[in-house]
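What you see is a predicted model; the values in this text were computed from it and never measured. Read the numbers this way: they start at 1 and go in the same order the structure lists the ligands and their atoms.
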Amino acid sequence: MNHLVAPSVLAADFANLQKDIEMVNGSRADWFHVDIMDGVFVPNISFGFPVLDALAKHAAKPLDVHLMIVDPDRYIEQFKKAGASNITVHFEACTHLHRTVHAIKELGCTAGVALNPHTPVAVLEDIIDDLDLVLLMSVNPGFGGQKFIENTYRKIRALKALAAGRNDSLLIEIDGGVNAKNASTLLDAGANVLVAGNFVFTAPNPAEVISQLKEIQPHVLQA
Ligand code: DX5
Ligand code: ZN
């Protein structure tokens, strides 16, 4: 499949959110990546439902909601109502992950599980068949603009191997420090969804940067 690009709204200009939403709408981006942080699971608070409602009102592309919150079960229905297409919960925040994943699917959303940089992909061994997406954190969650963690490449390959023959349509999403330099190596390793926050929104022409990320090919295809 051609890879997807999901600009992270966390890096948008919240005083001009509509302008940035329209930019994404008119760009080659596939999804809006929406980071929800509660100040408990991660040491930062992003935004809640009023901002999400405003975003959903203008967004013309699917909302990929990344919940960095404790006890996400309490809110998944509200996120579905707010317009989420995909809901991703953290492995580290879910005691009953199987139940949570199926609750997300029963609401009609696709279900993702995110892993922190220190969490091995092997923890997904008994749930990999049930997932639409696995999000590998390539920075510690909580903030945009951090440095990409190189071990992510190895993790992508391990995840590909785990999913092989069991869930070949699994989406492998990489989140944190993604840019035009590491993107093709990420695709080489098996990633198929690239989240990018600062790399897109700090650029003079963000739509062009989105296009650049869409154009990037795995090295293997370029040879
Ligand atoms: C971090 C968030 C990311 C973040 C990525 O906790 O999950 O989605 O917005 O931002 P960049 O691309 O700037 O690292
Ligand atoms: Zn995210």
ask   = Looking only at side chains, do D35 and H33 share a donor and an acceptor under 3.5 Å apart?
value = yes
request  = Assess the side chains of H219 and S184: does a donor N or O sit below 3.5 Å from an acceptor N or O?
outcome  = yes
task = Going by the side chain to side chain donor-acceptor pair (under 3.5 Å) test, name the single residue among K61, K214, H3 that passes it with D30.
result = K214
message = Would the distance check show the side chain of D53 and the main-chain N or O of P50 forming a donor-acceptor pair, the cut-off being under 3.5 Å?
response = no
Contact residues of ligand 1 (heavy atom under 4.0 Å), by chain and number = S8, L10, H33, D35, M37, H66, M68, M137, P141, G142, F143, G144, G145, D175, G176, G177, V195, A196, G197, N198
task = Measure centre to centre between the rings of F199 and F148, then say whether the value is under 6.0 Å.
result = no
message = Among the N/O/S atoms of D35, which is closest to the Zn ion (ligand 2)? Give the atom name.
response = OD1
ask   = Taking the inter-plane angle between the rings of H98 and H102 on a 0 to 90° scale, is it parallel (under 30°), tilted (30 to 60°) or perpendicular (over 60°)?
value = tilted
Angle subtended at the Zn ion (ligand 2) by NE2 of H33 and OD2 of D175, nearest 10° = 100°
request  = Determine which of the N, O or S atoms in H66 is closest to the Zn ion (ligand 2) and give its atom name.
outcome  = ND1
inquiry  = Check this for me: Y75, atom OH, are more than 12 non-hydrogen atoms of other residues, nucleotides or ligands nearer than 6.0 Å?
reply    = no
